[in-house]
Colleague: 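Quick one: structure below, then a few questions.
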2 protein chains.
Amino acid sequence: MNTLMKDIAQATGFSINTVSRALRDDRKISKRTRELIRAKADAMGYIHNAIAANMRCLQSKVIGVISKDSSNPFFAEVVRGIEERAREHGYNMLLVNTEEDAQRERDYVRLFVSRHVDGLLVVPGYQCQENLQLYKSLSIPFCFVGRRVQGIEGHSLLHQDYESQLEVSSYLIANGHRRMLYLAGPENLSNSADRLNGHLKALENAGIALDPSLIIHTRGHIEEGYASVNLALNRGIRFSVITCFNDLLAMGALKSLSENGCQVPKDVEVFGFDNLYISQFMQPSLSTVDVPKFALGVSAVDELLRHIERRDLEYKDLNLETRLIYRGSTLNRGL
Amino acid sequence: MNTLMKDIAQATGFSINTVSRALRDDRKISKRTRELIRAKADAMGYIHNAIAANMRCLQSKVIGVISKDSSNPFFAEVVRGIEERAREHGYNMLLVNTEEDAQRERDYVRLFVSRHVDGLLVVPGYQCQENLQLYKSLSIPFCFVGRRVQGIEGHSLLHQDYESQLEVSSYLIANGHRRMLYLAGPENLSNSADRLNGHLKALENAGIALDPSLIIHTRGHIEEGYASVNLALNRGIRFSVITCFNDLLAMGALKSLSENGCQVPKDVEVFGFDNLYISQFMQPSLSTVDVPKFALGVSAVDELLRHIERRDLEYKDLNLETRLIYRGSTLNRGL
DNA sequence: TTTACAATGGTTAACGTTAATCCTGGATAC
DNA sequence: GTATCCAGGATTAACGTTAACCATTGTAAA
């Protein structure tokens, strides 16, 4: 049987009332009594019953995080930022993964509401009507991390997806590339659309007609980067650079190029997106867009806590800055 | 204000009792009534209050997972296995990360107990007396994933750390290597010790005297693999193969070797451990020990649920099988 | 007609903690 | 000597759901 407050009260002779107050650092309890009760609680192995407490009072000091995929290094770093910052503010983080399943996303939102978290950070998956409705009716503070949900304005923490890809593609065009293979991300995801649009805008700016065979849609997995480039090479599609929705695709692309005897960056240049920690260890190391992943998590917590503390605050989108990183997978142009 | 059962009762005309039973699929409620109540609950946006329910009844259908580090791809795959299997059994998984901090590990154990999870899966960090005491006094079912805790017998799901490293090192010795650089993992961690011991045993079996300069201790991070090999090369330490505590170290090693003009596997062979998904995408692809990460998560859930369902069951350690995978970072010997 | 059962309702106690309210006795201040 | 303050206690209601128990109605079987 677990130790309860009433057991501690019995053991120390104080009332259950005083025990509760002592453990909560209520100022009405003298230091001596408080320490005495604390010591006894520790000795008896007392663990506070958050469920019962939560029943009475509003806050749980827990924020729920719904991520996409634990094995995606991008979100792993975001989650680290969230967890660190939450702890700094005295909150705990509880994490679940949707694997991009909309049904699961809904289930988890309900799980967290059901278990009374104080707020919710979500990496939303594909758009769907049911989820939109759920978010619209959500009664606790929430923010979207790294992605938007169409129909819910102001709740998103974003990074410069459109702007960065525009910059990357423009840079490549400025350096003479005309046939650029673009490995796109999952459709129906705000990032994918934003990044792809940046790429298309760069083409348009340069007056380059779009060749549809140079856009390959993927779900953003590493093995698809490999397979897509294999496919493109087998089909005889010509290109002088591959620019990718994310670093994972770029890594897959590197492997395919290497196996097909294409030298990077001499024959084909490769550009990623995200700047995963591991990208610098690829051979060649990957040129990419640095997305501030840890900072994204930190900002998300800050923003969420603002809304937890002041429920009437208006929501507004935030757009974090990115920067281009040139490494071994592109030609060194003496930047 | 959130919708409560009493609101649904009021709206449908049924008693709060019947509503509760209908939502819980109690057989005493007719299908017609149940569906009617369900529909109304959905329409009113009712979300079950797990906190209140948990107060009354014992189980929460939630298992807590305390992992090491969200940005370590090894545990990410284990977590995927846990989450999938838990869902198959109607359980939810809540995850936290300790970043190998013993204090945090303790805090999180208490958090989960405090929030009434039905069971706990833990990737335990460094041994320490306080944590040992905590586990000894823990009143809910728990298992350790991938590591042991000295003093707590029978609670661990392991993989063949000792046996596999013994096999790797023996294989390398059989192929003529005498000076093998070993990049060891964090001290005070059961895996590190097991794997290192396997290596030492192989040396002993072959009658090779241990050269302490060939053992480098690290915390298992990729950048340490890079730095350690740089250091060894700078110091003029001679070796013909590098065998590593994990794949991350091996990846760092690959980068250092490449930058120092050593060809892999011609000049130096490299062996990893874990078989991370990404390891096959390295250049050269990494020879390694395949640890069944997903299966480890699955087994952990199965084992934990057995103990959740039958609290009197005796605990016993499980040791999952591994296998060696030979890829491009070692010489192809026509296996 | 009697018996039995299924579907439902009502009532009530319980889970462990918190917090509000009121009370007491002793110490300190004026 | 009175007023004030402080540590602490006692009591009680509340949080929302569950579950046990008993009662009621209507229908089907014996």
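Labels below follow one simple rule: chain letters A, B, ... track the order of the sequence lines, proteins then strands, and each chain is numbered from 1. The structure displayed is predicted, hence computed values, not measured ones.
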Colleague: Under 3.5 Å, is there any donor-acceptor pair linking the side chain of B:N17 to the base of C:dT11?
Modeller: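 Indeed, a donor on one side and an acceptor on the other fall under 3.5 Å apart.
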Colleague: Check the phosphate of C:dT8 against B:S15, side-chain N and O only, distance under 4.0 Å to OP1 or OP2. Yes or no?
Modeller: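 No, outside the criterion.
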Colleague: Taking the minimum atom-to-atom distance to the side chain of A:R21, which one of D:dT18, C:dT21, C:dT17 wins?
Modeller: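 Among D:dT18, C:dT21, C:dT17, the one nearest the side chain of A:R21 is C:dT21.
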Colleague: Once you round it to whole Å, what is the distance between C1' of D:dT17 and CD1 of B:I47?
Modeller: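 Checked: the CD1 to C1' distance equals 16 Å.
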Colleague: Between the base of D:dT18 and the side chain of B:R56, is there any donor-acceptor pair under 3.5 Å?
Modeller: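 Indeed there is one.
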Colleague: So do B:H155 and B:V149 actually touch side chain to side chain, heavy atoms under 4.5 Å?
Modeller: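 Side chain of B:V149 against side chain of B:H155, heavy atoms only: no contact under 4.5 Å found.
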Colleague: Mind telling me whether B:H159 and B:F74 have parallel, tilted or perpendicular rings, with 30° and 60° as the class edges?
Modeller: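 Judged by the thresholds at 30° and 60°, the geometry between B:F74 and B:H159 is perpendicular.
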Colleague: C:dT17 P sits how many Å from B:H116 NE2, rounded?
Modeller: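 Checked: the NE2 to P distance equals 8 Å.
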Colleague: Among the nucleotides D:dT18, D:dC21, D:dG16, which one has an atom lying closest to any side-chain atom of B:A53?
Modeller: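 Nearest nucleotide to the side chain: D:dT18.
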Colleague: Any salt bridge linking A:R104 with B:E84? Criterion: basic side-chain nitrogen under 4.0 Å from a carboxylate oxygen.
Modeller: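 Salt bridge: yes.
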Colleague: What integer distance in Å separates A:N2:CG from C:dC15:P?
Modeller: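 That distance rounds to 14 Å.
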Colleague: Is the closest basic N to carboxylate O distance between A:E35 and A:R38 below 4.0 Å?
Modeller: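 No, no charged N to carboxylate O under 4.0 Å.
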Colleague: When the nearest nucleotide of DNA chain D is assigned to A:R32 and to A:C57 on a heavy-atom basis, which residue is associated with the more 5' position?
Modeller: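 Checking each residue's closest nucleotide, the 5'-ward one belongs to A:R32.
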Colleague: For the CD atom of A:E105 and the CD atom of A:E100, what is their distance to the nearest 0.5 Å?
Modeller: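 Those atoms lie 8.5 Å apart.
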Colleague: Using atom CZ of B:R24 as one end and atom P of D:dG16 as the other, report the distance to the nearest whole Å.
Modeller: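 Spelled out: CZ on B:R24 to P on D:dG16 is 17 Å.
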Colleague: Expressed in angstrom and rounded to an integer, what is the separation of B:R115 atom CZ from C:dT17 atom P?
Modeller: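 About 14 Å, once rounded to whole Å.
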Colleague: May I have the distance from A:I16 (atom CD1) to C:dT17 (atom P), rounded to whole angstrom?
Modeller: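 For the pair A:I16 CD1 and C:dT17 P, the rounded distance is 7 Å.
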Colleague: Provide, to the nearest angstrom, the distance between the CE atom belonging to B:M5 and the P atom belonging to D:dA19.
Modeller: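 Computing the B:M5:CE to D:dA19:P distance gives 10 Å.
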Colleague: Among C:dA13, C:dT18, C:dT17, which is the nearest nucleotide to the side chain of A:A52?
Modeller: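 The listed nucleotide nearest to A:A52's side chain is C:dT17.
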Colleague: OP1 or OP2 of D:dG8 less than 4.0 angstrom from a side-chain nitrogen or oxygen of A:S30, does that happen here?
Modeller: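 Yes, because at least one side-chain N or O of A:S30 sits under 4.0 Å from OP1 or OP2 of D:dG8.
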Colleague: Compare side-chain N and O positions of A:Y46 against OP1 and OP2 of C:dT17 and report whether any pair is under 4.0 Å apart.
Modeller: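 Affirmative; the distance criterion is met.
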Colleague: Rounded to the Å, how far apart are B:F14 CZ and C:dA7 C1'?
Modeller: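 Those two atoms, CZ and C1', are 10 Å apart.
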Colleague: Choose from D:dA7, C:dA13, C:dT8 the nucleotide whose nearest atom is closest to any side-chain atom of B:T33.
Modeller: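 Minimum distance to the B:T33 side chain belongs to C:dT8.
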